[in-house]
Trainee: 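Below you'll find the structure I mean.
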Amino acid sequence: MIFRRIHAGNCSAWLSRVSLRQELCCFYSVPPQPVPPLAQTLQGYLRALEPLLPPDELNHTRKMVQVFGKPGGLGPQLQEGLERRARLTKNWISDWWVQRAYLEVRQPLPVHSNPAISLPRRDYNDWRSQLVFASKLIAAVLDFKAKINTGQLPVEYMRGKPLCMELYPLLFSSCRIPGPKHDYISHSRRPATHITVVRNYQFFQLDVYNSDGSRMTESQIHAQLLRIRSQSWKTDKEPMGILTSEHRHTWGEAYNRLLRDKLNKESVRLIETGLFSLCLDSPVMRISDEKYASRKAAQILHGGGTFSNSGNRWFDKTLQFVVGEDGSWGLLYEQATAEGPPIATLLHHILEYCEKPDPKRAPLVPLPMPKKLYFHIDREIKRDIEMAKRNLDILINDLDVNVFNFKVFGKELPKQHKLSPNSFIQVALQLAYYRVHSEVCPVCDIASQRMFRGGRTEFIRSPTNEALKFILAFDDPSVSREAKLELLRKAIDAHAALTEQVVRGHGIDRHLLGLKLQAIEQGLSIPKIFMDTGFGLATHWKLRTGQIPANTDSVMCFGPLVPDGYAVCYNPQGDHVHFSITAFNCCEETNAETLARTLKETLCHLQELLQPPV
């Protein structure tokens, strides 16, 4: 059946257990992703360049695009190849996208790739409560997995249409594996019955199912976590997880050396095949309340460094839950398999589950001791660890993280004025960036494509011409308030229209990537429009943005895409908005705190524009 072809059949064991209703939803009710019309994409590409390029460069690019898209030219030939590919595959772009955007990227996973989600601090500050909450969290995740396996997870809808649900079973027992030129994703062929718990850099295999196949109760899990704590009190162990933070080529070479030893190979395989990982972090140094949210998000994102909790991570693992002794907690995930909306659904389930008491009593049966995973560290592996420690600390010290809760208003304000909250925030971000840097820049806002079979993500490109006109007029005292308000509405509506176009499968970035890769597949030279300086400028994403539509006060955090850029994540609630902003300290032009301060001011100024004081 077609649903068994996902990821070359590696996950067929998982997908075969999804309910028939979900299978039918994913592969019949959910339509295939369309290949956008070539002329539409090329026109959209040129419109995206208009606010960014000077007229002479824009004219040069326009001529190249006209040659590429003319009837009988290279563009229509490649378009025909893409349409043929769309007829023969589940999704014409998803596999290509995952390969190019994630598996072929050689940068380290922490900061550069893996997003972190930091959730509100739990009300405890000791290791006993840490283990109680960790037990509840594990039980909640197992309950979520059971709903997937038995078909009880409700099919999600957007705008009345079902969404593709195939990512959910792939979240568990999966791991990214480093390779010499590109990585690949490993899915356990046999359903795993264990998770990996790591504390003080020491890894443990924790079976979470009883011998009869039933899930362990919270009290059983808690008893096992107590055993793990008693076996992991030493703090002088080598941080093996640090190796996964390296440049992918470097880690790939170390990975091959590591697996030469039979003991190491067994331990690594148990980590890779586990359902997920749980990181029991030690408390970190107390800081001011003002900076606590930023420190907490950074801890989830990278562990805080080699003298903190970074050795508790295995960055290749798809799901890593982090539970700190100080009440902090969150989730770190690997993007080649997981994405924001399914992760948000998982976290929402965890929060709901944690509000309920444990209804089950622990059966009176002896439990096997959790298995400690050992590693044989020779001189070469020791050298690899030391190099990884240095490189990770350099990366962490280079990252500036600023997390704040904007409490003046939330998404209800733009809604009251019949404006899209997401587009409102996007225009505010572009205005704030302009106020700091006196220029507009390429912005990629991430949108889901799960309305289509096997769909992943697409970019919403900004700024638009409408946004540029508004930005240039906003701080001009000669422009009236009424004119500024009209320009604001046009800028927000233009971004909302772009969003609608992308959600319907007519974005331009995945299509452009497909055209380029189709040329390579056909043995042709890369088309000139992709070698143009305009294309390079338009894809130098100085603002990488993402919205996490969650019902909780959580905040996502990841690093910028380019050295002189920012990454901005936001979670709009009714009367407030959570923001995280990151930038690299090595770039003198960017500063996360400056952009955060300017963004707060800009949002307040936009409120005054919409609701002038009496």
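All values derive from a computational prediction rather than experimental measurement. In what follows, residues are counted from 1 in the order of the sequence shown.
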Trainee: When you check the side-chain N and O atoms of Asp475 and Tyr434, is any donor under 3.5 Å from an acceptor?
Mentor: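 Looking only at side-chain atoms, Tyr434 and Asp475 do not form any donor-acceptor pair under 3.5 Å.
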Trainee: Is it the case that over 12 heavy atoms from other parts of the model lie below 6.0 angstrom from the NE2 atom of His249?
Mentor: no
Trainee: Using side-chain hydrogen bond (donor to acceptor under 3.5 Å, both in side chains), reason through Gln335 and Glu339 one step at a time and then give a plain yes or no.
Mentor: CA-CA 6 Å; Gln335 290 191 97; Glu339 280 177 4; over 6 Å; no
Trainee: Would Glu593 and Asn402 count as having a side-chain donor-acceptor pair, cut-off 3.5 Å?
Mentor: no
Trainee: Looking at CG of Leu42 and CD1 of Ile508, how far apart are the two atoms once the value is rounded to the nearest 0.5 Å?
Mentor: 9.0 Å
Trainee: Filter on side chain to side chain donor-acceptor pair (under 3.5 Å), then keep only pairs touching residues 50-63, sequence neighbours left out; what's left?
Mentor: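 Pairs touching residues 50-63 that pass the test: Glu50-Asn465, Asn59-Arg62, Thr61-Asp532.
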Trainee: Closer than 4.0 angstrom, basic N to acidic O: yes or no for Glu104 and Lys181?
Mentor: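 Lys181 and Glu104: not salt-bridged.
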Trainee: Verify the distance criterion only: is there a donor paired with an acceptor across the side chains of Thr345 and Tyr168 at less than 3.5 Å?
Mentor: yes
Trainee: Using 0.5 Å steps for rounding, measure from the CG atom of Asp95 to the CG atom of Asn91.
Mentor: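 Between Asp95 CG and Asn91 CG, I get 7.5 Å after rounding to 0.5 Å.
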Trainee: Just by distance, no angles: are the side chains of His247 and Gln107 close enough, under 3.5 Å, to form a donor-acceptor pair?
Mentor: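 Gln107 and His247 do not have a side-chain donor-acceptor pair below 3.5 Å.
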Trainee: I'd like to know whether the aromatic ring centres of His511 and Tyr45 sit less than 6.0 Å apart in this structure.
Mentor: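 Distance test on ring centres: not under 6.0 Å, no.
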Trainee: Atom CG of Leu517 and atom CH2 of Trp97: how far apart are they, to the nearest 0.5 Å?
Mentor: 10.5 Å
Trainee: Do NZ/NE/NH1/NH2 and the carboxylate oxygens of Arg106 and Asp183 come within less than 4.0 Å?
Mentor: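 So Arg106 pairs with Asp183 through a salt bridge.
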Trainee: For a side-chain hydrogen bond (donor to acceptor under 3.5 Å, both in side chains) check, start with the C-alpha distance between His576 and Asp553, then their side-chain angles and the critical distance, and finish with the verdict.
Mentor: CA-CA 9 Å; His576 61 278; Asp553 284 318; 2.7 Å; yes
Trainee: So which atom in Ala538 and which in Leu52 form the shortest heavy-atom distance, rounded to 0.1 Å?
Mentor: CA-CD1, 4.5 Å
Trainee: Below 4.5 Å, heavy atoms only, C-beta onward: do Arg248 and Arg176 meet side chain to side chain?
Mentor: yes
Trainee: Of all heavy-atom pairs between Ile300 and Leu332, which one has the smallest distance, and what is that distance?
Mentor: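 Of all heavy-atom pairs spanning Ile300 and Leu332, the closest is O-CD1, 3.8 Å.
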Trainee: Could you please spell out the steps behind the side-chain contact (heavy atoms from CB on, under 4.5 Å) verdict for Leu603 and Val408?
Mentor: CA-CA 9 Å; Leu603 288 168; Val408 179; over 6 Å; no
Trainee: For residues 487-500, pull every pair meeting salt bridge (charged side-chain N to carboxylate O under 4.0 Å, His left out), keeping only residues two or more places apart or in separate chains.
Mentor: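 As it turns out, the salt bridge (charged side-chain N to carboxylate O under 4.0 Å, His left out) pairs with a partner in residues 487-500, which skip direct neighbours, are Arg159-Glu500, Glu500-Arg504.
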Trainee: Once rounded to the nearest 0.5 Å, what's the spacing between atom CH2 of Trp541 and atom CZ of Phe459?
Mentor: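 Answer for the CH2-CZ pair, Trp541 versus Phe459, is 6.0 Å.
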Trainee: Side chains of His540 and Asp564: do they bring a donor and an acceptor to under 3.5 Å?
Mentor: yes
Trainee: Give a yes or no on whether a salt bridge exists between Lys317 and Glu334, defined as a side-chain N under 4.0 angstrom from a carboxylate O.
Mentor: no
Trainee: Are Thr244 and Arg313 linked by a side-chain donor-acceptor pair shorter than 3.5 Å?
Mentor: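 Per modelled atom types, Thr244 and Arg313 side chains form no pair under 3.5 Å.
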Trainee: Minimum heavy-atom separation for Ser423 and Thr499, please, with both atom names.
Mentor: OG-OG1, 4.4 Å
Trainee: Within 45° of the axis and under 6.0 Å from the centre of the six-membered ring of Phe558, does NZ or CZ of Arg544 qualify?
Mentor: yes
Trainee: Any idea which heavy atoms bring Leu513 and Arg100 closest together, and the distance?
Mentor: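 What the structure gives for the nearest pair is CD1-CG, 4.3 Å.
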Trainee: Could you walk me through whether Tyr433 and Cys441 pass side-chain contact (heavy atoms from CB on, under 4.5 Å), step by step?
Mentor: CA-CA 8 Å; Tyr433 182 93; Cys441 71; 3.6 Å; yes
Trainee: Just wondering, more than 12 heavy atoms not from Gln416 lying within 6.0 Å of its CD?
Mentor: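 Correct, the count exceeds 12.
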Trainee: For residues Gly559 and Thr582, report the shortest heavy-atom separation together with the two atoms involved.
Mentor: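 Gly559 and Thr582 have their closest heavy atoms at CA-OG1, 3.6 Å.
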Trainee: Could you tell me whether Lys542 and Glu439 have a side-chain N and a carboxylate O separated by less than 4.0 Å?
Mentor: yes
Trainee: Could you tell me whether Glu166 and Lys90 make a salt bridge, using a distance below 4.0 angstrom between a side-chain N and a carboxylate O?
Mentor: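 A salt bridge links Glu166 with Lys90.
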